[in-house]
Amino acid sequence: MRFLPIFLDLRSGPVALVGGGDLVRAKLRLLLAAGARIRWYATDGDNVVTGIDAADAESIEHGEGDPLSADLSGVIAVLCAGAGDLGAAMSARAKALGLPVNVMDDLAHSTFIFPAIVDRGDVVVAIGTGGASPVVARRIRERIEAVLPARIGDLARFIGGFRKSIHGRIAEFPLRRRFWERIVDGPIGALVLAGRSDEAEAALNNIADPSGFAGAQAGRAEGRVTLVGAGPGDPDLLTVKALRALQDADIIFYDELVSHDVLDRARRDAARVPVGRRVGKPGIGQEAINQLLIKAAKTGQRVVRLKGGDPFIFGRGGEEIEALRDAGIAYSVIPGITAGLGAAAESEVPLTFRGEALRITFLTAHKAKDAEAVDWSALTDEKMTVVVYMGMTAAPAIRAGLLAAGRSPQTPVGVFARATRPDSQAVTGALEQLPDLVDAIDGGPAILIIGDVVAHSAAWRQANLDSMLSSFQVAAE
Ligand code: SAH
């Protein structure tokens, strides 16, 4: 490691900024955003910056005279544009004064470099590549941005506010650390991250015996359950929150529909328990699943209940949180992309479209008798798109119901199987052919979409593919 990351206290003095031009102005903005005071030697005589507010303008002091001979006492670091001989000379001057110096784009004359920064208030992450590649640093930053909760800085500040009083009440360091671990990892930390700091504060104030709380056996720790929508299959369709929950889990109860690619994104040492129906075997039943969730949470584990698509769309999510609530277990719900939306996006079916589709109905019809129970007369509006889950077996009954209710046999329909997965498959046709279209598919799960907008799918996809391919050709030439 050539450059050790340390954090500079910006309140201890101004940073000297030397030079002009866009690069220097970009650094000026970065320093202002960080809250620095700046003494700026605009060596080209142009010290105008646009687009900053009055308070920021007050943080800029305009340096007089030649920075190579100016009085730099009190300055905490020097930052200089690299152009010409100025960088080398300024670097020598700063070194002679014992000041850290960065010459832009000039590693040889720099004694410090700027990292890429993730800024969450009190939580700051610095990423360095030893000056080798700012682009790599930025890509890493994007990844860290994605996994760090937005309010992690609030959590740090929250704890900072209680540190002194807890220090006074728990003398032993290991116990104190355990206390904070339980706060950060437990419901109080979760409340802060959910933007409910007031409730978190009340809960923390309510802990009458902090030492006892910290020393409690793991078995008595508060577990919690997170219902997580796994999306339709493509792991890149997981939400940032879902990914975080998977990375955080002690144990994951997952459905048959959850793809292996999604499970691969979970923390490696999380236990994985399949609870879905397997082909040819019945599932363990909803009541048994509820009990498993409750039991796992009661042993203090961070439990993830991972469900295909969205937990609240034909996913029994409602039943599960009802059981958790009755058992007094803390829970939260993270939405997922439901299969109907995944299939529509992949196959370019605009579920609503001006003039053509003004409403959407999501329904399920697993068996013929489910389809018979549907009031199809409510679904005859030509400007309504109907999205059917679990509808493969009942396809003949769905066709019969819609036709009997008066929807046109020519209504465009599509069958979208294994949507967003590598082996996805789509066939489109007319309502009168629906059962044949289902037969043409090599197995489910599949979504049926019925409505005029389905007619766009094939044509748009082909046009999109053609233009993508032709742009590759242009790039290759
Ligand atoms: N909660 C899930 C739905 C569960 S019901 C969600 O929001 O998506 C199960 C049904 O979802 C399947 O029968 C099928 O109709 C549909 N389904 C799930 N994953 C799918 C996929 N990748 N492609 C097409 N349909 C899918």
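Remember, it's 1-based here, ligands and their atoms both numbered in the order they're listed.
- Residue contacts with ligand 1, taken as heavy atom pairs separated by less than 4.0 Å, involve P445 via backbone and side-chain atoms alike.
- The pair D119-R141 fails the salt-bridge criterion, with no side-chain N (NZ, NE, NH1 or NH2) lying under 4.0 Å from an Asp/Glu carboxylate O.
- Assignment of G233 to the shell around ligand 1 is not supported, since no heavy atom sits closer than 4.0 Å.
- For ligand 1 and R421, the ligand atoms under 4.0 Å from any heavy atom of the residue are 22 (N).
- Ligand 1 places these atoms under 4.0 Å from at least one heavy atom of L257: 9 (C), 18 (C).
- In this structure, CD on E432 lies 8.0 Å from CG on L403, to the nearest 0.5 angstrom.
- Set against the non-hydrogen atoms of A339, the atoms of ligand 1 under 4.0 Å away are 6 (C), 7 (O), 8 (O), 16 (C), 17 (N), 18 (C), 19 (N), 20 (C), 25 (N), 26 (C).
- To the nearest 0.5 Å, atoms CZ (R316) and CD (E322) are separated by 11.5 Å.
- In this structure, A343 has no heavy atom closer than 4.0 Å to ligand 1.
- Protein heavy atom at the shortest distance from atom 13 (O) of ligand 1 is M390 CG, 3.1 Å.
- If you check each of P232, S259, G391, A446 against atom 14 (C) of ligand 1, the one with the closest non-hydrogen atom is A446.
- When non-hydrogen atoms are compared, ligand 1 lies under 4.0 Å from the backbone of R418 (N, CA, C, O) but not from its side chain.
- Between atom 25 (N) of ligand 1 and the options I441, I447, D255, the minimum heavy-atom separation is to I447.
- Atom CZ of R267 is separated from atom CG of D269 by 4.5 Å, given to the nearest 0.5 angstrom.
- With a 4.0 Å heavy-atom cut-off, ligand 1 is reached by no atom of T420.
- Between L306 atom CG and L238 atom CG the span is 7.5 Å, to the nearest 0.5 Å.
- The closest protein non-hydrogen atom to atom 21 (C) of ligand 1 is A419 N, 3.5 Å.
- Atoms of ligand 1 lying under 4.0 Å from any heavy atom of F416, numbered from 1 in the order shown and given with element: 24 (C).
- Of the protein's heavy atoms, F314 O, 3.3 Å lies nearest to atom 4 (C) of ligand 1.
- Taken to the nearest 0.5 Å, the CG atom of D250 stands 9.0 Å off from the CG atom of D185.
- Considering only non-hydrogen protein atoms, atom 1 (N) of ligand 1 sits nearest to I313 O, 2.6 Å.
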Test side-chain contact (heavy atoms from CB on, under 4.5 Å) applied to E320 and Y331, step by step: CA-CA 10 Å; E320 287 174 10; Y331 64 84; over 6 Å; no
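- Looking at R305 and D255, a side-chain N of the basic residue comes within less than 4.0 Å of a carboxylate O on the acidic one, giving a salt bridge.
- The shortest N or O to N or O distance between G308 and ligand 1 is below 3.5 Å.
- T299 and Q301 form a side-chain donor-acceptor contact under 3.5 Å, judged by distance and modelled atom types alone.
- Protein heavy atom in closest approach to atom 11 (O) of ligand 1: Y389 CD2, 3.4 Å.
- Proximity to T338 (heavy-atom distance under 4.0 Å) selects the following atoms of ligand 1: 6 (C), 7 (O), 8 (O).
- Between Y389 and F362, the ring planes lie tilted relative to each other; the angle falls in the 30° to 60° range.
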Kindly indicate, with the supporting measurements, whether the criterion side-chain contact (heavy atoms from CB on, under 4.5 Å) is fulfilled by Q425 and V415. CA-CA 8 Å; Q425 206 184 358; V415 181; over 6 Å; no
